[in-house]
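Below is one structure, written out as structure tokens; comments come after it.
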Amino acid sequence: MTYQLNSAASPAINIVPDERQQQAIGHVHGPMLVIAGAGTGKTTVLTQRVANLIREGYARPDEIVALTYTENSAAEMLARVRGELKGTAIDGLQASTFHAWCNGLLQRRGAGFSVLDDKDLWVFLRRRIRDLRLKHFVRAANVGQFLDSLLEFMRRCQDELVGPAEYARYVERLERGEVPLPRVARSKKQTELEDEEILERCQEIARVFSTVENMLLAKNLGTFGHMITRAYRLLKDDPTLLEEERARTRFLLVDEFQDANCAQVEILSLLAGAAANVFAVGDPDQAIYQFRGASSEAFTLFARKFPATRVVVLGKNRRSLSPILGCAFGIVNENPPVFSPTLAHQGNSISYQRTPLESLRDEEAKQKGETAAAPKVEIVTWGEKEVEAADLAHRIQKKRKNRDQPCKWSDFAVLYRLHNHRDELVHEFAERGIPFSIEGLDVLDTSEVRDVVACLAVAVSPDDATSLFRVAALPQFALNPVELRAAMRAVRRQELDLRNVLGTLPKGAAVLESVEKVHREVRKDGVRADHAVNVVVRHFDLQRSALVLAFLKFVKDWQSKAIVETGSPSEFLEYLDYFVQAGGTIALPRSTEDAVQLLTAHAAKGLEYQHVAIIRGSSVSFPSSYHEPLIAFPAELRTSGTASTDDKVLHEQEERRLFYVAMTRARDTLAIYANQGKSTKNEPRPTKFLREFMVSPPYRKFWSTHPAAAVQEELFAGEEQRIALEQSNVAAWLLMPASADFVSGLSASAIEIYEECPLRFKLEREWNLPRDVSASLHYGAAMHSVLRTFYDARRYQREIGGDDLLEQFRSALAAAGVADRYQYELYLRQGIEQLRQFFEAARASAPEVIETEGRFELQVGSAKLSGRVDRMDCTGPDTVAIVDYKTGKPKSQEDADKSLQLSLYALAARERWGKHADRLIFHNLENNTAISTTRTDSELEAAKLRVQEVAEGIARGEFPPNPKYHCVFCPYRNLCPATEKAVAAPRKKSASRVH
DNA sequence: CTTGAAAGCCTTTTT
DNA sequence: GGCTTTCAAG
């Protein structure tokens with residue numbers, strides 16, 4: 001990857017250090033803490049101090065270690081020291097990341113290992129999940145889910161140097177009742193748990209923790225966290241080794257010290273020894289990696305470890321104009337002081353109070369007699385996201401065309417908290433022809449890479465119908481989608497074989513041939529995934545765009561990973577599936593084109609831009625909402641003293657620092673966009689950070705506010721052309737107008753699907769698209785079939801044994817084809833257990849069953865409904881009870897009260913069977929509870945109205961996608977146009993047109 | 001001050 | 001689908 005020098009730091013190279021910087025640079029022996037605010041030249045201080053130590057002969061290069069947190073800054077550090085000491089040899093100077101240094105130590109001492117990153121560890125364990133023997137921390141419906149929480153917890157333990165042994169000892173104390181039980185479930189759920197189960201959960205964690213460690217050790221694997229913990233153990237346990245290492249680390253320097261975690265501070269403390277020549281530079285107000293283990297108290301820990309610490313504060317900012325610095329201070333100063341008050345009691349020499357940074361640029365301008373006031377920070381409020389986007393786009397266009405200070409697109413950056421905050425903006429930019437570049441875009445969400453993955457999947461397994469459909473839509477096959485759709489609809493879904501259908505179409509045969517040909521190529525023995533994917537890209541003539549190249553690199557990197565067994569394409573596809581489940585993404589590298597930069601506040605750390613806009617600067621976007629971890633890290637295991645402050649408060653403080661980081665990226669202008677909030681008066685009141693800030697008088701002079709406006713810019717039309725957003729053929733196909741009307745055969749769930757996402761509704765009925773049926777649905781079907789048999793037997797007074805019923809369940813589930821063996825077994829066990837309990841309870845009551853899976857049809861206005869009632873019991877001459885079995889998460893009373901499904905059953909009872917349903921029941925099989933409800937006439941009318949509204953939407957042919965969180969569960973997610981992320985298409989030939 | 005409805009989010013990411 | 005925050009009515 002090409003690496004750009006950190007532009008923030010570069011200008012400082014030739015600048016003469018001021019007095020305080022000089023003080024830090026000239027420091028030689030003993031511990032020193034340099035608190036270097038944003039843009040105060042901390043890298044200069046670090047590099048010049050290293051140069052100084054060597055130049056003045058205090059240390060040989062090979063006695064100095066400079067530690068950073070990124071490879072890039074390590075490389076930059078080395079380059080700059082070399083620059084300082086032109087001509088002098090600096091062989092042996094160690095400038096590397098904390099992790100790399102520890103890893104190097106381990107390797108030198110014969111304790112090296114292969115590294116798994118977080119996602120790979122997840123995949124590694126997911127593949128061996130059976131061996132973890134999970135009981136409380138696994139759910140059949142989502143096998144991998146709890147793995148997230150377990151791994152998060154174990155990572156946290158590592159950050160605090162708690163290994164399996166320490167945790168096991170902690171659990172023993174729990175068993176003896178010496179310490180209070182920790183939270184091991186969501187707060188709400190925890191209250192329902194018996195103490196015994198809480199303890200069992202802890203024991204399970206302890207067991208899994210040590211199992212995982214042993215699994216890794218057995219294969220000589222480790223994580224990034226292990227680099228730190230194992231290096232620590234080595235140094236701690238072997239005095240001789242420690243002495244030797246100390247000789248090579250006589251002078252320690254650490255950059256970005258606010259990102260250090262407890263374990264790292266411990267290592268520093270070991271290496272530093274009595275001489276304690278430790279020099280740490282950082283900004284406590286820019287600590288934004290707590291979520292990844294960085295201790296919010298790194299500076300406090302440092303001061304505690306090294307009581308003789310001297311402190312230097314750098315406060316002269318070379319980057320920004322004063323209004324920006326003033327506002328940034330106003331925001332961040334709402335946080336408590338950076339050192340815990342306890343330090344003062346210990347008679348420590350450290351005294352530091354947060355002060356506003358001074359703008360050197362403004363000072364210099366004043367000295368030169370320039371009088372123009374620096375522009376104020378703008379707070380722009382909006383009511384709708386679209387207006388926010390329009391106003392910002394307009395602002396950028398206007399600024400760029402400003403005659404006095406013309407600038408490039410790349411002088412603008414838009415910062416946001418979450419990736420999806422940029423979506424509206426991307427569309428707005430495209431509309432106006434503003435070039436943009438997205439940092440960290442997940443290429444797996446783009447149509448191009450989805451095409452590549454589909455092509456690879458079909459090359460490996462030509463009968464993978466979902467992928468085949470996508471491949472068939474590639475423009476080169478020039479298939480007629482209307483014909484294909486008609487052909488697919490003509491077959492019943494269960495009998496649909498996409499290959500057969502393609503075979504009947506004029507141009508379909510070419511698709512099959514092409515697939516067959518590449519299949520022969522790829523399935524040969526010994527073909528590796530990275531080769532296969534290149535073959536596929538060539539074979540299908542896919543563009544090698546930056547997106548596709550990022551994916552190809554991902555495959556290539558995967559090939560040499562430690563978890564890879566055969567390296568075959570099918571192993572890769574399995575990996576990719578798990579990788580996505582683990583939350584993995586493949587980030588698009590930053591582009592070098594002249595374009596507006598779109599990036600998260602995290603990604604912007606250390607960078608600077610002339611003009612910065614922060615969007616969604618109000619809760620719940622920024623700050624983002626807090627989510628507690630499933631497993632709380634117990635106070636008894638904490639080494640740092642943060643136990644007193646609760647995690648939610650710490651989260652908000654970190655968000656405020658992140659906001660501060662975002663603000664201080666700006667050189668000249670800063671605009672903050674925020675939701676205007678609800679207010680009785682007509683004045684904007686953005687929530688959270690800005691609200692506190694805007695009522696604070698000292699900062700008034702630094703900012704102004706105005707509402708956002710949806711200005712259309714006509715001026716520039718013609719010069720900049722609308723940018724075509726990438727959209728796949730398959731997306732265009734699915735968006736074609738509906739081929740028929742769908743107002744007949746509507747079920748309750750179909751109506752709910754339409755309400756959730758009309759496009760999904762259309763796809764359910766229109767193409768007969770191939771899709772994977774989830775294991776939970778198979779499970780539900782198997783359970784229902786058994787219950788039907790059970791009550792049918794009662795109805796017709798046939799004898800049927802419990803064992804026969806369980807056997808029926810076993811064979812039904814076995815026939816369903818749940819692909820994941822482990823998940824299958826979990827469901828098998830769960831089903832048998834639930835059925836036993838059900839039968840046990842059912843023996844006690846003997847309802848008079850009059851229908852099992854009774855079908856009905858119902859006319860509501862123009863809509864024809866159809867459905868099936870699980871069970872109907874007679875409760876009187878004209879009354880019935882209707883029972884619906886639920887196999888998933890138990891339904892609540894509230895669910896039952898407003899269920900459309902039950903409303904429609906009540907209607908059906910009246911109109912199809914001529915009975916009044918006086919009880920409508922959800923029977924939850926998971927906990928064997930029955931939730932009963934009723935419907936009044938007016939409630940039934942309301943249900944009809946709801947149906948009617950949906951029917952009208954369908955009749956009008958309205959099927960817009962409604963992308964939301966539920967897309968995660970949508971079977972068409974990977975085909976859906978709405979989940980494809982837009983990328984600015986650089987003058988793409990308009991090849992992909994639907995004919 | 002309490003309460004209930006409405007609006008969002010379910011991350012962020014060097015090594 | 002579940003949880004948290006926010007706002008305004010009572």
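Numbered from 1 within each chain, the chains take letters A, B, ... in sequence-line order.
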Please check the phosphate of dT5(C) (OP1 and OP2 only) for any side-chain N or O of K648(A) closer than 4.0 Å.
-> yes
Not counting sequence neighbours, which residues clear side chain to side chain donor-acceptor pair (under 3.5 Å) with S114(A)? List them please.
-> none
Pairwise C1' distance for dC3(C) and dT11(B), with rounding to whole Å | 15 Å
Each stem that DNA chain B is part of, given as range with range (3 or more consecutive Watson-Crick or G-U pairs, under 3.5 Å) | B:1-10 with C:1-10
With sequence neighbours left out, the residues meeting side chain to side chain contact (heavy atoms under 4.5 Å, CB included) with E654(A) are Q290(A), F291(A), R657(A)
With sequence neighbours left out, write down each residue that passes ring pair (Phe, Tyr, Trp, His ring centres under 6.0 Å) with F689(A), or none if nothing qualifies.
-> F659(A)
Give the rounded distance in Å between these two atoms: CG of D159(A) and C1' of dT13(B).
-> 13 Å
Partners of H421(A) by ring pair (Phe, Tyr, Trp, His ring centres under 6.0 Å), sequence neighbours excluded?
-> none
Rounded to whole Å, CG of N142(A) lies from P of dG1(C) at a distance of 15 Å
Of all residues at least two apart in sequence or in a different chain, which pass the side chain to side chain donor-acceptor pair (under 3.5 Å) check with R186(A)?
-> none
For the ring pair F257(A) and F299(A), is the centre-to-centre distance below 6.0 Å?
-> yes
Rounded interatomic separation in angstrom, taking CD from E894(A) and P from dG2(C) = 10 Å
May I ask you to say what K119(A) touches in the nucleic acid, namely base, sugar-phosphate or nothing, with a heavy-atom cut-off under 4.0 Å?
-> nothing
How does each nucleotide of nucleotides 5-12 of chain B score, in 5' to 3' order, for protein heavy atoms under 4.0 Å: base (B), sugar-phosphate only (S), or none (-)?
-> ---SSBBB
Atom pair distance, as rounded to whole Å: CD in Q286(A) and P in dT13(B) = 16 Å
Which whole-number value in Å describes the distance from D255(A) CG to dT15(B) P?
-> 14 Å
Using atom CZ of F622(A) as one end and atom C1' of dT5(C) as the other, report the distance to the nearest whole Å.
-> 17 Å
R665(A) to Y609(A), cation-pi by 6.0 Å centre distance and 45° axis angle | no
Sorted by chain and residue number, the ring pair (Phe, Tyr, Trp, His ring centres under 6.0 Å) partners of F137(A) (sequence neighbours excluded) come out as F146(A)
Residues in ring pair (Phe, Tyr, Trp, His ring centres under 6.0 Å) contact with Y673(A), at least two apart in sequence or another chain | none
How many Å lie between CD on Q107(A) and P on dT15(B), as a whole number?
-> 16 Å
How close or far is atom P of dG1(C) from atom CD of E926(A), stated in whole angstroms?
-> 14 Å
Are OP1 or OP2 of dC7(C) and a side-chain N or O of R691(A) less than 4.0 angstrom apart?
-> yes
